[in-house]
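Before any comments, here is the structure.
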Protein chains: 2
Amino acid sequence: MVPEMTDLNPRKAPVQRRSAATVEALHTAAIQVLVREGLARCTTTRVAERAGASVGSLYQYYPNRDALLSAVLEEHLTRVADAVAGACIAARGCPIGEMAGTLVRALLSAKLADREESRALYSVAGERGGPMLVRAAHDRMIADVACLLKTAPDRRVRQPEVVASVLLNALFGPITSVLKDQTPARLEAHLEAELIRVASSYLRAAPTG
Amino acid sequence: MVPEMTDLNPRKAPVQRRSAATVEALHTAAIQVLVREGLARCTTTRVAERAGASVGSLYQYYPNRDALLSAVLEEHLTRVADAVAGACIAARGCPIGEMAGTLVRALLSAKLADREESRALYSVAGERGGPMLVRAAHDRMIADVACLLKTAPDRRVRQPEVVASVLLNALFGPITSVLKDQTPARLEAHLEAELIRVASSYLRAAPTG
DNA sequence: CAGATATATGAAGCAACCTTCACATTCTGA
DNA sequence: TCAGAATGTGAAGGTTGCTTCATATATCTG
């Protein structure tokens, strides 16, 4: 298992408006190609072509293919983590059942806002650099939710980090499944209600102390 | 989005003992390479080399790379679904809290038995043919669990398929997270207990009728 | 044992892909 | 306006991977 040092950081930031547009176009093109063709066929040439740019331009801003994909993934993860952070601020001090609802709704709207994008990025999350980014986003969300749980007036949850982690991942499971179309269509209508049930029943069952 | 018909079925089955060993070696080699190198570098040549066979042998049994990976994935999914089926038979007629425990333990032991293998296959599950196989395995597990829920003496769960689906995916979420090392190590010690809490609290909260 | 069948081999053809680079075009600031 | 900086271009080099096939070895069967 050789580390295989490849630089995943952007090469340089756009300074003029023109290049900002190019970078933006590359991002959305990467997602589109990912959705339509899959990770294996998401090549630099195809992304550039779809973005209406040339491969050369792509390499002006990203040192390699993986750097581009990492950037796109990171942006998505940040959006989701921001949504969770927002919910954690909004629900601060609320009874624990309300926290559950707020959190679930925030997660759902962040993840389902652009289903194609969410779905496409699962494959990226498993490759070079992806796991690191996912891990970081998870840690951030866990910290936020744990902090939120401490403010519950009706429940003093023990080990808030453990509970936050299990809770978040228990919610991500069904969401992921729906995004990947691995779930009978009937479930989707019930998704929000059931997730809230999962969250609030688990939180109420969590050990206090 | 072109269908891109490539045959994912095995080319022919081994008949002599020698070739059965080769196929077996190819399977385990595929998993090892997947773990050590990642999906992108899991090439036919590397798999064959690690298996102590030649590429030619590989292509004698699988028409292409994806067929090999699909076969490995399918075997894993079948093992997990079998474990769930077993648990569903074992817990038939038990009180709903006991069902939760049995199911969780079965899932955990199936998924954590060979962590490396489970982890490696996530990437395969997202590529050519993977989603189909995962979908099929999920459907089977949902049917089994839904059937189990109907036998609960203390709870007549409404819409057992929906509940089964949410329940299973809510359990897979944290398991997946642990497998991918996306979770603080401290969680792992609590995993089983917390998952049982998730399952039984959700089942008890499910609408009855 | 001999023919038939099953299995194994790995070099080579072919097809993509990643990445670079020398050059063209556009923009900015003075 | 003009020089210098920023940006854009895409053909070509070099690498890698997938897959086939002619050939060789092992196993089976009668």
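The sequence lines fix the lettering, A, B, ..., with proteins before strands; numbering per chain opens at 1. Please read these numbers as outputs of a predicted model, since none were measured by experiment.
Atom CG of A/Leu8 and atom P of C/dC18 are 15 Å apart (whole Å). Residue A/Asp7 contributes atom CG, which lies 17 Å from atom P of C/dC18 at whole-angstrom precision. Regarding A/Arg17, its CZ atom lies at a distance of 13 Å from the P atom of D/dT7, rounded to whole Å. Rounded to a whole Å, the CD atom of A/Gln16 is 7 Å from the C1' atom of C/dT26. Spacing between atom CD of A/Glu127 and atom P of C/dC18 amounts to 13 Å, rounded to whole angstrom units. Taking atom NZ of B/Lys12 as the reference point, atom C1' of C/dA8 lies 10 Å away to the nearest angstrom. Separating the CG atom of A/Leu68 from the C1' atom of C/dC17 is a distance of 15 Å, rounded to the nearest angstrom. Rounded to whole angstrom, the span from the OH atom of A/Tyr61 across to the P atom of C/dT19 amounts to 18 Å.
Counting all heavy atoms, side chain and backbone alike, B/Val80 lies closest to B/Lys111 at CG2-CD, 4.1 Å. A pairwise comparison of heavy atoms in B/Ala170 and B/Pro174 identifies O-CD, 2.9 Å as the closest pair. Minimum heavy-atom separation, B/Ala125 to B/Val134: CB-CG2, 3.8 Å.
Contact between the side-chain N/O atoms of B/Arg11 and the OP1/OP2 oxygens of D/dT19 is not found at any separation under 4.0 Å. Within the 4.0 Å cut-off from OP1 or OP2 of C/dT7, at least one side-chain nitrogen or oxygen of B/Ser19 is found.
With respect to the salt-bridge test (charged N to carboxylate O, under 4.0 angstrom), the residues A/Arg50 and A/Glu37 do not qualify. Here B/Glu127 does not pair with B/Arg65 in a salt bridge; the nearest charged N to carboxylate O distance is not below 4.0 Å. In this structure, B/Arg46 does not pair ionically with B/Glu49, as no charged nitrogen and carboxylate oxygen lie closer than 4.0 Å.
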With 3.5 Å as the limit, what N/O pairs link the protein to nucleotides 9-18 of chain D?
{"residue": "D/dT9", "atom": "OP2", "partner": "A/Ser54", "partner atom": "N", "Å": "3.2"}
{"residue": "D/dG17", "atom": "OP1", "partner": "B/Arg46", "partner atom": "NH2", "Å": "2.3"}
{"residue": "D/dC18", "atom": "OP2", "partner": "B/Thr44", "partner atom": "N", "Å": "3.0"}
{"residue": "D/dC18", "atom": "OP2", "partner": "B/Thr44", "partner atom": "OG1", "Å": "2.9"}

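Among the protein residues, A/Tyr62 comes within range of no part of the nucleic acid, since none of its heavy atoms lies under 4.0 Å from any strand.
Between B/Phe172 and B/His138, the two ring planes are parallel [angle under 30°; tilted spans 30° to 60°].
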